[in-house]
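A short write-up of the structure that comes next.
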Amino acid sequence: MSCAHGDPEDGDLIGQDGKIVVPDHVAEAIRTLIAWAGDDPTREGLVDTPKRVARAWREYCAGYGDDPAVHLSRVFEEVGGYDEIVLLKDIPFQSHCEHHMAPIMGRAHIAYLPRNHVVGISKLARVLHGFARRLQVQERLTAEVADCIWENLKPLGVAVVIEATHGCMTSRGVRTPGVSMVTSRMMGVFRDDDRSRKEVLSLMGMAG
């Protein structure tokens with residue numbers, strides 16, 4: 001299953017209409033949930049909902065079929081002597097909370113300090129989406145993105161900051177909209193050197 005495009009997993013059956021064939025037990029599980037919520041899964045507006053929901057979740061969780069490290073396998077060493085921070089700001093992403101399966105909507109800032117090579121900037125976003133398109137908690141998502149870049153690019157430093165709102169807090173439970181959560185992971189020089197950390201946070205627009 002492709003993380004970038006939400007394509008079907010290799011084992012999925014594709015119908016003549018080009019859509020994933022939803023197994024009966026999956027559709028029935030969604031009908032059960034609809035009925036338990038208080039509606040009638042046989043009424044006209046809900047008849048096709050189980051299949052739509054099932055296919056949507058195949059896309060939401062496409063990251064399970066993606067190895068984010070693959071996106072960092074091609075690097076470029078001809079960078080004209082560039083040895084400063086590389087930063088991709090305000091990358092939008094969507095994930096789902098593993099506790100309530102509610103949406104997590106946010107943006108990420110990803111930076112690294114190259115050692116002797118760089119990677120195409122779009123690959124940083126692909127790493128983020130590869131992990132985000134799974135059931136997640138924001139803290140783990142932040143760590144996974146940073147660790148993946150650290151282990152595969154072997155840079156001098158990695159900094160990942162994620163800001164997101166959580167549907168499990170805004171639309172249920174405490175029901176407090178407009179609240180965002182910020183998590184960060186600093187590695188290498190961004191963790192050990194205060195000046196480098198302040199520089200990267202300033203570039204991200206996070207410094208006070």
Side-chain angles (χ1 to χ4, degrees), residues 1-7 60-97 103-166 178-208:
M1 185 176 355
S2 167
C3 168
H5 303 290
D7 293 335
Y60 298 155
C61 293
Y64 287 116
D66 182 23
D67 177 6
V70 169
H71 304 303
L72 302 177
S73 60
R74 184 184 181 189
V75 298
F76 303 94
E77 297 183 2
E78 295 182 5
V79 294
Y82 185 83
D83 59 357
E84 299 295 333
I85 294 171
V86 176
L87 167 64
L88 200 59
K89 288 183 59 175
D90 297 318
I91 314 167
F93 75 92
Q94 178 175 330
S95 187
H96 286 82
C97 166
I104 300 173
M105 306 285 290
R107 57 183 182 144
H109 314 294
I110 302 175
Y112 69 100
L113 186 61
R115 188 181 299 272
N116 50 29
H117 54 248
V118 298
V119 69
I121 58 172
S122 68
K123 308 306 182 184
L124 300 179
R126 290 186 184 277
V127 169
L128 169 68
H129 295 315
F131 287 116
R133 289 171 180 165
R134 305 175 183 186
L135 296 177
Q136 277 288 7
V137 293
Q138 186 174 326
E139 296 90 338
R140 183 173 67 234
L141 173 61
T142 307
E144 286 177 335
V145 172
D147 291 348
C148 185
I149 296 170
W150 178 257
E151 292 168 6
N152 289 278
L153 292 188
K154 304 189 184 309
L156 296 172
V158 176
V160 176
V161 177
I162 293 180
E163 303 174 80
T165 58
H166 294 246
V179 176
S180 63
M181 177 176 174
V182 178
T183 49
S184 67
R185 188 173 183 89
M186 304 286 163
M187 307 182 76
V189 296
F190 296 135
R191 182 181 182 90
D192 301 331
D193 181 67
D194 186 60
R195 182 177 177 180
S196 296
R197 182 168 57 255
K198 288 181 178 178
E199 180 183 3
V200 74
L201 288 173
S202 177
L203 289 172
M204 291 178 174
M206 303 297 296

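Numbering starts at 1 and runs along the sequence shown. In what follows, every heavy atom counts, from backbone to side chain, and hydrogens, waters and symmetry copies are set aside.
Looking at L128 and V160, their side chains never come closer than 4.5 Å, going by heavy atoms from C-beta outward. Using a 4.5 Å cut-off on side-chain heavy atoms (C-beta onward), D193 and K198 make no contact. Contact annotation: the side chain of R126 never approaches that of V70 to less than 4.5 Å [non-hydrogen atoms, C-beta and beyond].
For S184, the side-chain hydrogen bond (donor to acceptor under 3.5 Å, both in side chains) test picks out no residue, with sequence neighbours left out. Applying the salt bridge (charged side-chain N to carboxylate O under 4.0 Å, His left out) rule to D147 yields the partners R185; only residues at least two apart in sequence or on another chain are considered. Under the rule for a side-chain hydrogen bond (donor to acceptor under 3.5 Å, both in side chains), R191 has no partner lying at least two apart in sequence or in another chain. Applying the side-chain hydrogen bond (donor to acceptor under 3.5 Å, both in side chains) criterion to H109, with sequence neighbours excluded, gives E163.
Across P68 and D66, no two heavy atoms sit closer than the pair CD-O, 3.2 Å.
Residue I149 holds its CD1 atom at 12.0 Å from NE2 of H71, rounded to the nearest 0.5 Å. Interatomic distance, H129 NE2 to L124 CG, rounded to the nearest 0.5 Å: 11.0 Å. Going from atom CZ of R197 over to atom CE of M186 covers 7.5 Å, rounded to the nearest 0.5 Å. Note that CE of M187 and CG of L113 are 14.0 Å apart. Values are rounded to the nearest 0.5 Å.
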Can you give me every donor-acceptor pair (side chain of residues 150-159, partner residue at least two apart or in another chain, under 3.5 Å) with its distance?
residue : atom : partner : partner atom : Å
N152    : ND2  : C148    : O            : 2.8
K154    : NZ   : E151    : O            : 3.1

Which donor-acceptor pairs under 3.5 Å do side chains of residues 85-97 form with protein atoms, sequence neighbours excluded?
residue : atom : partner : partner atom : Å
K89     : NZ   : L203    : O            : 3.4
D90     : OD1  : R107    : NH1          : 2.3
S95     : OG   : A132    : O            : 2.6
S95     : OG   : R134    : O            : 3.2

Residues Y64, L135; criterion side-chain contact (heavy atoms from CB on, under 4.5 Å); working and verdict
CA-CA 9 Å; Y64 287 116; L135 296 177; 3.6 Å; yes
